[in-house]
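Values below: every heavy atom of this structure, side chains too, minus hydrogens, waters and symmetry copies.
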Amino acid sequence: MSARISKITVYALELPLKKPYLVSGGRVYVEKMDSVIVAIETDTGLTGWGEGCPFGNAYLPAFSAGIHAGIAELAPHLLGENPLYPDQFNHSMDVLLAGHWYVKSALDMACWDILGKHTQLPLYALLGGRFSHSVDILGVFANGSPDEMVADLRNLRELGYRIFSPKIGGDVATDIARIQAIRADLQAHEKITIDANRAWLPDQAVQIINAVNDPTLYFEQPCETLDECRAVRQLTRNPLILDECIHSYTDLLQAQRENIAQAINIKLGRVGGVTKARRMRDFCVQTGLRMNIEETGGSVIASTAAVHLAAATPARYRLATSDNTRLHTVVPALGGYVFDNGVGIPPDAPGLGLEPIMDILGEPVAVYT
């Protein structure tokens with residue numbers, strides 16, 4: 001297969017949230033997301049689309065201006081590369097720019113879109129097949145009082161969600177009260193993952209997890225670092241999900257080798273795109289780690305890529321997939337995945353299965369030829 005990149009175009013799209021969003025005990029306050037959308041054109045006439053969108057500037061060591069700067073560094077050297085070989089393309093990016101995984105995600109995603117269009121296959125087919133018709137979407141809701149969070153849970157239930165991820169993190173007594181209130185309102189067929197987004201110190205995490213005393217609950221990213229989460233693992237019995245501290249394959253190896261986590265949250269934008277997320281997915285399947293497969297932020301473009309990868313993952317190893325499109329009202333593409341009563345259905349069209357709406361994207365902020 002042969003194709004060469006002839007043009008890379010970059011767009012900037014602001015995604016104002018419906019209401020401000022608090023996570024990590026209020027340390028992360030987000031009013032809007034700044035999305036970077038990329039089009040890669042080839043000499044064969046195909047165009048692939050990708051999106052990179054940090055969740056504000058304080059959630060991860062990633063910010064949208066960094067994506068623009070990183071693409072400016074990479075793009076001139078990627079012209080002429082073959083986008084039909086994503087692993088080879090990623091190797092080229094990693095040689096040109098060490099680390100900075102979040103910079104590369106949109107470029108990598110666009111290459112997979114091109115590969116799907118070239119082969120006339122949907123992305124899920126290229127990533128392993130379709131293990132289910134749909135994937136569960138997490139009903140995510142932000143920090144608030146116990147009563148406010150129960151109200152948010154009920155609102156999401158009305159939309160069809162049955163797996164929830166309340167964002168907590170604060171003083172010990174308040175977080176115990178939040179968890180107890182949410183659990184009391186939970187219905188028999190529903191599940192929750194308690195996500196602290198690294199808000200706790202180890203002693204707080206141990207107190208809260210043990211006080212709740214429900215071994216069926218997953219707790220996600222209780223503390224900042226792998227070492228801190230290891231300390232929590234040793235003093236608690238609930239399964240832990242690691243998220244923000246897993247950036248590279250090496251991080252994942254350490255988490256599995258040292259039995260720190262029983263599940264991993266793989267966010268495409270955080271780990272470098274579809275290619276690296278697929279590698280992590282395969283490792284988790286082989287070693288028995290369950291997964292949330294998500295995106296860090298963005299529109300239907302990024303969320304559709306995550307839904308494709310989740311659908312291409314055996315259901316036994318999946319927990320759920322989050323969807324940032326619920327947080328804002330901007331729809332910059334036609335097609336993409338379909339939300340239906342708490343689940344996401346990937347499209348069957350080639351590649352990502354969507355086409356951006358150019359009037360919404362506006363004028364490009366950079367063009368490389």
Side-chain angles (χ1 to χ4, degrees), residues 8-39 49-76 78 90 93-94 96-110 140 142-143 167 169 195 197-199 221 224-225 242-248 251 265-277 294-303 305-306 322-325 327-328 330 332 361-368:
I8 298 175
T9 307
V10 183
Y11 302 86
L13 183 65
E14 187 174 284
L15 306 173
L17 302 191
K18 296 175 184 176
K19 62 179 182 179
Y21 203 83
L22 289 170
V23 298
S24 194
R27 293 190 303 168
V28 178
Y29 177 85
V30 181
E31 293 183 305
K32 65 182 178 69
M33 294 181 283
D34 293 308
S35 180
V36 181
I37 296 174
V38 171
W49 293 90
E51 180 177 19
C53 184
F55 192 67
N57 293 338
Y59 172 61
L60 289 170
F63 67 120
S64 60
I67 299 178
H68 288 289
I71 291 176
E73 180 68 28
L74 288 168
L78 297 175
N90 270 262
M93 289 198 292
D94 291 343
L96 291 165
L97 181 66
H100 297 281
W101 311 122
Y102 75 101
V103 166
K104 304 165 185 175
S105 181
L107 294 164
D108 172 72
M109 190 183 299
V140 178
N143 284 145
K167 305 297 184 179
D195 191 357
N197 290 109
R198 72 189 192 278
Q221 198 64 43
E224 185 82 37
T225 67
L242 292 184
D243 182 359
E244 289 95 326
C245 65
I246 304 297
H247 293 268
S248 68
D251 297 330
N265 190 331
I266 300 176
K267 285 190 168 75
L268 276 62
R270 189 189 69 240
V271 305
V274 176
T275 300
K276 289 183 170 65
E294 309 179 1
E295 255 295 6
T296 52
S299 73
V300 66
I301 299 172
S303 292
S322 70
D323 174 20
N324 292 287
T325 67
L327 302 178
H328 61 84
V330 181
L361 293 188
E363 293 297 317
V365 296
V367 179
Y368 303 92

Taking [X] for the side chain and [Y] for the main chain, is one N or O donor matched with an acceptor at less than 3.5 Å?
X      : Y      : result
Asn197 : Val23  : no
Glu294 : Ala306 : no
Glu244 : Gln221 : no
Ser35  : Gly298 : no
Asp251 : His247 : yes
Arg198 : Cys245 : no
Ser105 : Val271 : no
Asn57  : Phe63  : no
Asp195 : Lys167 : no

Taking atom [atom1] of [X] and atom [atom2] of [Y], what is their separation to the nearest 0.5 Å?
X      : Y      : atom1 : atom2 : answer
Ser64  : Lys32  : OG    : NZ    : 7.0 Å
Leu242 : Ile266 : CG    : CD1   : 11.5 Å
Glu73  : Leu78  : CD    : CG    : 10.5 Å
Ile71  : Ile8   : CD1   : CD1   : 8.0 Å
Ser299 : Asp323 : OG    : CG    : 10.0 Å
Arg270 : Asp243 : CZ    : CG    : 4.5 Å

Item checked: Atom NZ of Lys19: over 12 foreign heavy atoms under 6.0 Å -> no

Check: Crowded around His100 NE2? As in, over 12 foreign heavy atoms under 6.0 Å?
Finding: no

Looking at every heavy atom in both [X] and [Y], which two are closest together, and how far apart are they?
X      : Y      : answer
Tyr11  : Ala39  : CE1-CB, 4.5 Å
Ala199 : Ser24  : CB-C, 3.6 Å
Ser303 : Thr325 : OG-CG2, 3.7 Å
Ala106 : Gly52  : CB-N, 3.5 Å
Val274 : Ala305 : CG2-CB, 4.5 Å
Met33  : Cys53  : CB-SG, 3.6 Å

Notebook entry, point to check: Going by distance alone, is a donor N or O of one side chain under 3.5 Å from an acceptor N or O of the other, for Lys276 and Asn90?
Noted result: yes

Evaluate the side-chain proximity of [Y] to [X]: yes if any heavy-atom separation is below 4.5 Å, no if none is.
X      : Y      : result
Thr296 : Tyr102 : no
Pro16  : Val330 : yes
Lys104 : Leu97  : yes
Leu17  : Glu31  : no
Trp49  : Leu361 : yes
Val36  : Val10  : yes

Margin query: Applying side-chain contact (heavy atoms from CB on, under 4.5 Å) to Asn324 and Tyr21, what does each step give before you reach the verdict?
Written below: CA-CA 12 Å; Asn324 292 287; Tyr21 203 83; over 6 Å; no

Margin query: In terms of relative ring orientation, are Phe55 and Tyr59 parallel, tilted or perpendicular, with 30° and 60° separating the classes?
Written below: perpendicular

